[in-house]
Amino acid sequence: MLDVKGVCKSYDGNRVLDDITFEVKRGECLGIIGPNGSGKSTLIRILSAMEKPDQGEIRIHQVPIEKFTAKELARTMAVLSQGGLQPYPVTVEEAVMMGRYPYQKWYRQESREDQRVVQKILQETGLSEMADRYLDELSGGERQRVAIARAMAQEPDIMLLDEPTTFLDIGYQISLLNRLKEWQRKNASTMVMVLHDLNLAIQYCDRILLMEKGKVCKWGSGHEVIDAAVLHRIYGVRPVIIEHPQLKVPQIILQSEPVSS
């Protein structure tokens, strides 16, 4: 589905990504974790073709990403950038309808199929009741939910999400991730998510890619990636690793360091 081989990227002589190689299978969810400055957001921009790598290649369905036209790529991949939607004076429904752009002809407005998809997505994401509200009237968390609904309306094979739980309280984080996973299951879609919350990444992602200083430090299941010594070296904390009592996956408990007098 998504193959990344030997991707490198530098800015002003500073290597930000160094030989990044991994693959994501159809219907799989990959979580990308790592400290600030490890290259996560740069990697998402390159995967979405917003930027070009200096070296390496990215293939979707075995086709090099540069072979896709803009509309072909938009029908194949949806991207939620860090920060989500800006507070423009458009309604929630209009914003979600923007996700149907890749399917529309230049001389036509939205079709019945576009309307059907948008109404379905509004219902599934719990946004129907605010469909007529304007984005500039919404909170950051509400706009984030609209941004994700717009991405779903693209009906992509692959969804790239850079910090999708930004601005959301814990209840909305769980609700949103549950909806994303249900959407992924129904559509057999592939997801790549950058997450700061390691426990959420382990719970919701099939595999984890841990980045450190622009390189792949570890890649695999939660059990294969989550290691107390590695997390201590990368994040500078001494975590306690326990097993989730229901999901049977590793979970991280942080402990405070003694304060020296």
Using the side chain to side chain contact (heavy atoms under 4.5 Å, CB included) rule, pick out the option among T165, T125, L161 that qualifies with L180.
L161

Verdict with reasoning, E93 to Q119, per side chain to side chain donor-acceptor pair (under 3.5 Å)
CA-CA 8 Å; E93 183 173 351; Q119 294 306 316; 2.9 Å; yes

Donor-acceptor check, side chain of K40 to backbone of P35, threshold 3.5 angstrom: yes or no?
yes

So, for R207 and E23, which heavy atoms are closest and what is the spacing to 0.1 Å?
NH2-O, 3.0 Å

Does the side chain of I202 come within less than 4.5 Å of I252's, by heavy atoms?
yes

Are there more than 12 heavy atoms of other residues, nucleotides or ligands under 6.0 Å from atom OH of Y172?
no

Nearest non-hydrogen partners of I234 and C217, listed with the distance:
CD1-SG, 3.7 Å

List for me each residue that meets side chain to side chain donor-acceptor pair (under 3.5 Å) alongside D157, sequence neighbours excluded, and say none if there are none.
H61

Remaining members of Y101's ILVMFWY cluster at a side-chain heavy-atom cut-off under 4.5 Å?
none

Nearest 0.5 Å please: distance from the CE atom of M193 over to the CD1 atom of I44.
10.5 Å

If we ignore hydrogens and angles and just use 3.5 Å, is the side chain of E163 paired with the main-chain N or O of H196 as donor and acceptor?
yes

Do V216 and T21 pass the side chain to side chain contact (heavy atoms under 4.5 Å, CB included) test, and can you show the C-alpha distance, the side-chain angles, and the key distance before you say yes or no?
CA-CA 8 Å; V216 176; T21 299; over 6 Å; no

Start with the C-alpha distance between E51 and Y11, add both sets of side-chain angles, then the distance that settles side chain to side chain donor-acceptor pair (under 3.5 Å), and finish with yes or no.
CA-CA 12 Å; E51 295 190 32; Y11 297 107; 2.4 Å; yes

Just by distance, do the side chain of D12 and the backbone of N14 share a donor-acceptor pair under 3.5 Å?
no

Quick check: do V90 and M98 have side-chain heavy atoms less than 4.5 Å from each other?
yes

Correct closest heavy-atom pair for S139 and E142 would be N-OE1, 2.9 Å

Nearest 0.5 Å please: distance from the CD1 atom of I208 over to the CG atom of L195.
8.0 Å

Can you list the residues that meet the salt bridge (charged side-chain N to carboxylate O under 4.0 Å, His left out) rule with E57, with sequence neighbours excluded?
R59

Evaluate side chain to side chain contact (heavy atoms under 4.5 Å, CB included) for R143 paired with Q86, printing each intermediate quantity in order.
CA-CA 8 Å; R143 289 199 306 275; Q86 296 301 309; over 6 Å; no

Are more than 12 heavy atoms from other residues, nucleotides or ligands located less than 6.0 Å from atom CD of E66?
yes

Search all heavy atoms of Q203 against all heavy atoms of H244 and return the closest pair with its distance.
NE2-CD2, 4.0 Å

Going by the rule salt bridge (charged side-chain N to carboxylate O under 4.0 Å, His left out), which residues pair with E113 if we only count those two or more places apart in sequence or in a different chain?
R116

E182 bridged to R179 by N-O distance under 4.0 Å:
no

4.5 Å side-chain heavy-atom contact, S81 and D162:
no

Main chain of L43, side chain of K9: is a donor-acceptor contact present, judged purely on distance under 3.5 Å?
no

If only side-chain N and O atoms count, and only distance matters, is there a donor-acceptor pair under 3.5 Å linking R15 with S10?
yes

If we ignore hydrogens and angles and just use 3.5 Å, is the side chain of S189 paired with the main-chain N or O of Q184 as donor and acceptor?
no

What about V79 and M159, same hydrophobic cluster or not, with Ile/Leu/Val/Met/Phe/Trp/Tyr joined at side-chain heavy-atom distances under 4.5 Å?
no

For R100, is there an ion pair with E155 - N to carboxylate O distance below 4.0 angstrom?
yes

Considering non-hydrogen atoms only, spot the tightest contact between L138 and V92 and give its length.
CD1-CG2, 3.7 Å

So, does K248 use its side chain to make a donor-acceptor pair with the main chain of P245 at under 3.5 Å?
yes

Check whether Y204 reaches the backbone of N199 with its side chain - one donor and one acceptor, N or O, closer than 3.5 Å.
no

When every non-hydrogen atom of L209 is compared with those of M211, the smallest separation belongs to CD2-CG, 3.2 Å

Same apolar cluster (I L V M F W Y, side chains within < 4.5 Å links), L80/L168:
yes

Taking C-beta and beyond as the side chain, do V194 and L160 meet within less than 4.5 Å on heavy atoms?
no

Give a yes-or-no answer on whether the side chains of N178 and S175 include a donor-acceptor pair shorter than 3.5 Å.
no

Any sub-3.5 Å donor-acceptor pair from T91's side-chain atoms to R133's backbone N or O?
no

Could you walk me through whether L231 and I241 satisfy the side chain to side chain contact (heavy atoms under 4.5 Å, CB included) test, starting with their C-alpha distance in whole Å, then the side-chain angles of each, then the deciding distance to 0.1 Å, before giving a yes or no?
CA-CA 10 Å; L231 295 181; I241 311 297; 4.2 Å; yes

Transitively linked via ILVMFWY side-chain contacts under 4.5 Å: V63 with V24?
yes

Are M77 and V7 co-members of a hydrophobic cluster defined by side-chain heavy atoms under 4.5 Å apart?
yes

Taking atom CD of Q123 as the centre, report whether more than 12 heavy atoms of other residues, nucleotides or ligands fall under 6.0 Å from it.
no

Do I226 and W219 sit in one hydrophobic cluster, given that two such residues count as connected whenever their side-chain heavy atoms are within less than 4.5 Å of each other, even indirectly?
no

Hey, does Q255 have a side-chain heavy atom less than 4.5 Å from the side chain of R238?
yes

Worked check of side chain to side chain contact (heavy atoms under 4.5 Å, CB included) between E212 and R233
CA-CA 10 Å; E212 178 186 17; R233 187 189 80 239; 2.6 Å; yes

Exceeds 12 heavy-atom contacts within 6.0 angstrom, atom OH of Y103
yes

What residues, two or more places apart in sequence or in another chain, satisfy salt bridge (charged side-chain N to carboxylate O under 4.0 Å, His left out) together with K215?
D18

More than 12 foreign heavy atoms under 6.0 Å from NZ of K181: is that the case here?
yes

Residues clustering with V240 (ILVMFWY side chains joined when closer than 4.5 Å, directly or via others):
I242, I253

